Amino acid sequence: LKARDGSVERVSTGLDRLDALLDGGFQRGALIILAGEPGVGKTVFCANFIHSGWVQGEKGVYASFGEDRRTFLSNMRSHLGEEKVKCFTEGGCEYLDLATVTPEGVSETFQAIFEAVNRVGAKRLVIDPFTALSLALKDPLDVRLFMHSVLGKIVRQLGCTTVLVKEAYVEPRALGVEEYVSDVIIHLIASMYVADAVIHLSTDVVEDRFLRVMELTKARGSRLSERLLPYTLERGFRIVNPFVLSEGKVVKRWQPIPDSTNRFSTGISDLDKMLGGGFPRGSTALLEVDSKLTAEQYFPPVMSTAANFLAQGRPVILTLPLGIIPATVEKYVKLCGFTDEEINRLMRICVIEGQYPEEVTSRKYVWSAKPKDLLESQALYNQMEAELRARAKERNVLNIIGLDNVYGVFGLQNLPLYINRGMSSAAARGDLRLFILKPGIPSKAVYQTLYSTTELHLRLIRKHGVLFVYGVKPRTILHAIEADEKSFVPTLIPIV
Ligand SMILES: Nc1ncnc2c1ncn2[C@@H]1O[C@H](COP(=O)(O)OP(=O)(O)O)[C@@H](O)[C@H]1O
Ligand SMILES: [Mg+2]
């Protein structure tokens, strides 16, 4: 169907990111095949699809060969919430419980679907699983009947956007003849230029963690910029977004998240939740960062912890990872509402003399030294730290250290001692030390030492353009990291 201006009309899929990729949604009157193994969320996707149409004044019919109506409603209530189920219970969308279909009943089943679509005045139709119906299509006549009734009348004539659910089989080799025929039929529909879009839902394992991925195999009329979209079934069906930090938004004064008696808050409430309250007091945490991540992607979470310390009048000392400059940190803390006075009193960025031009090193918060060796450097550092601590209202210090920087300045042979002393200092004073570790230090032993001695170990990775964090210690599931439009504090979405 075409809109007046000749362009194809689009209807929302119910998922923002999918709509954006598909130039607004599915084409009105399109036939979509949604495939995936049991449990991937096909039914949740389809219920959400019907609901999103209903919101825009398009009624829908859900023709089901799966769960009975009560089970469907109660499952969808727990996935999508009461609000989204209302379109079925009081909004005029119809859940058509077809239970089973026998080869003898194929044409009656088609008729029942067709009548429901007409009765409701549906603009959207789901057949879930369509496999149940296609299993009953035994001979070419049935296939022609299907083409005629579902495709011809419902989809093309009535302009009803239709999703056919294909329940994939776990064991392809276990296919019986019937399943095989059914598979061939669906494949024919998908490939004979009949299906306008084909979507595959599947599960994946990334670094020993569970992930869900939607694959846009076919999308007629759309030039796709991305075909693999990670998603989660956390509170409905949700495609997670790539991390894009909105530029230069003025943020109101940072409101600190209070600490518990034995933990420091990370400054990100979702991360606190993931870690069972935050970073243990007196601990050293390891943040391991994938080489694919840019500074803009991994630094905001780190700076959230820094802001949470500063806002409580605690000192923050940074030895920046390579690729991040002092000006970036200054910009960030100013956007969090900290004054020059606070920054100069509580924050220090450690640099080596000569590393930056005068205009950078002349800043009060930049601490530059030219130590002759590691021991001298640590003596100077400790002195500076003690002075900051003495001036601060709260005595716990946060040390953020890019280990690639330390490696670059002091070399491999000094790293173990550096790490060891840092950890002891944090433990003795009840501070928090955050080591940022990236690939590139040419020593397995260094990584091994860090893995085995740090109390908390997080990994930040990128997959299909999306940022994820997970805990190695404590072990957690994958969480997608999304940027909040209004603040720097990222949102974490568990992948379930
Ligand atoms: N409240 C919930 N939150 C998140 N996931 C859930 C919840 N309840 C069930 N699940 C998961 O949702 C999946 C079922 O989704 P469903 O749409 O019925 O899958 P499909 O139709 O593809 O078989 C299962 O993998 C189940 O583990
Ligand atoms: Mg299902």
Side-chain angles (χ1 to χ4, degrees), residues 13-15 18 32-53 60-85 87-88 93-101 113 124-135 162-172 179 182-183 186 190 197-206 209-217 229-240 270 273-274 468 470 476-480 482 491-496:
T13 63
L15 304 170
L18 190 56
I32 300 111
I33 291 181
L34 178 69
E37 289 177 10
V40 291
K42 301 183 296 298
T43 300
V44 183
F45 176 98
C46 292
N48 190 62
F49 169 70
I50 296 288
H51 170 264
S52 102
V61 167
Y62 203 117
S64 172
F65 298 94
E67 309 93 326
D68 59 44
R69 184 182 153 90
R70 266 185 65 188
T71 313
F72 169 82
L73 289 178
S74 99
N75 282 350
M76 292 311 119
R77 228 169 241 130
S78 90
H79 277 283
L80 299 163
E82 180 63 42
E83 209 38 52
K84 287 199 174 179
V85 176
C87 61
F88 293 105
C93 293
E94 189 163 328
Y95 186 82
L96 195 59
D97 185 354
L98 294 165
T100 49
V101 55
I113 295 173
R124 295 186 179 208
L125 169 66
V126 169
I127 304 182
D128 176 15
F130 171 69
T131 328
L133 195 50
S134 67
L135 274 170
T162 299
V163 178
L164 302 182
V165 173
K166 180 189 165 178
E167 188 94 41
Y169 297 94
V170 186
E171 240 338 310
E179 285 88 350
S182 152
D183 229 51
I186 294 179
V198 178
I199 298 174
H200 274 98
L201 302 179
S202 61
T203 59
D204 193 4
V205 174
V206 176
R209 299 297 189 281
F210 174 78
L211 180 63
R212 297 184 185 274
V213 183
M214 169 187 286
E215 182 176 355
L216 302 173
T217 314
L229 311 173
Y231 70 96
T232 175
L233 296 181
E234 167 79 0
R235 282 181 282 138
F237 195 107
R238 185 163 173 184
I239 296 178
V240 289
D270 290 344
K273 227 178 284 163
M274 180 180 123
F468 294 95
Y470 67 92
T476 75
I477 58 172
L478 277 185
H479 288 64
E482 283 187 0
T491 312
L492 266 54
I493 302 150
I495 304 297
V496 295

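Just so it is clear, the model here is predicted, and its values are computed rather than measured. Counting starts at 1 for both ligands and their atoms, in listed order. All values below come from the heavy atoms of this structure, side chains included, with hydrogens, waters and symmetry mates left out.
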Strictly inside 4.0 angstrom of atom 26 (C) of ligand 1, do you find any protein heavy atom? no
Which residue owns the protein heavy atom closest to atom 24 (C) of ligand 1, what's the atom, and how far is it? G39 O, 3.5 Å
Using atom types as modelled and distance alone, determine if a side-chain donor or acceptor of K42 lies under 3.5 Å from a backbone N or O of G36. yes
Minimum heavy-atom separation for N48 and K84, please, with both atom names. OD1-NZ, 2.8 Å
Is a side-chain donor or acceptor of T232 paired with a backbone partner of V496 at a separation under 3.5 angstrom? yes
With backbone taken as N, CA, C and O and side chain as the heavy atoms from C-beta onward, which portion of R212 lies under 4.0 Å from ligand 1: side chain, backbone, both, or neither? side chain
Could you check whether R124 and T162, counting side-chain N and O atoms only, form a donor-acceptor pair closer than 3.5 Å? no
Atom CZ of R235 with >12 non-hydrogen neighbours under 6.0 angstrom: no
Any side-chain heavy-atom pair from H479 and D270 closer than 4.5 angstrom? no
Identify the protein heavy atom lying closest to atom 4 (C) of ligand 1, giving its residue, its atom name and the separation to 0.1 Å. L233 O, 3.1 Å
Under-4.0 Å heavy-atom contact between protein and atom 17 (O) of ligand 1: yes
With backbone taken as N, CA, C and O and side chain as the heavy atoms from C-beta onward, which portion of H79 lies under 4.0 Å from ligand 1: side chain, backbone, both, or neither? side chain
Nitrogen or oxygen atoms of K42 and ligand 1 under 3.5 Å apart: yes
Ligand 1 to V40 polar contact by distance, N or O atoms, under 3.5 Å: yes
Which protein non-hydrogen atom lies closest to atom 21 (O) of ligand 1, naming both residue and atom, and how far is it? T43 OG1, 2.8 Å
Numbering the atoms of ligand 1 from 1, which are under 4.0 Å from a heavy atom of S78? 1 (N)
For atom CD of E82, is the number of surrounding heavy atoms from other residues, nucleotides or ligands below 6.0 Å larger than 12? yes
For the Mg ion (ligand 2), what is the number of protein N, O or S atoms at a distance under 2.8 Å? 1
Ring centres under 6.0 Å, that's the criterion: do F88 and F72 meet it? yes
Mind checking whether Y470 and I477 have side chains closer than 4.5 Å, heavy atoms only? no
Going by heavy atoms, is P38 under 4.0 Å from ligand 1? yes
Does a donor on one side chain and an acceptor on the other come within less than 3.5 Å for T43 and D128? yes
Minimum heavy-atom separation for L80 and A47, please, with both atom names. CD1-CB, 3.8 Å
Give me the nearest non-hydrogen protein atom to atom 15 (O) of ligand 1 as residue plus atom name, then the distance to 0.1 Å. G41 CA, 3.7 Å
F237 and L15: which non-hydrogen atoms are nearest, and at how many Å? O-CD2, 3.3 Å
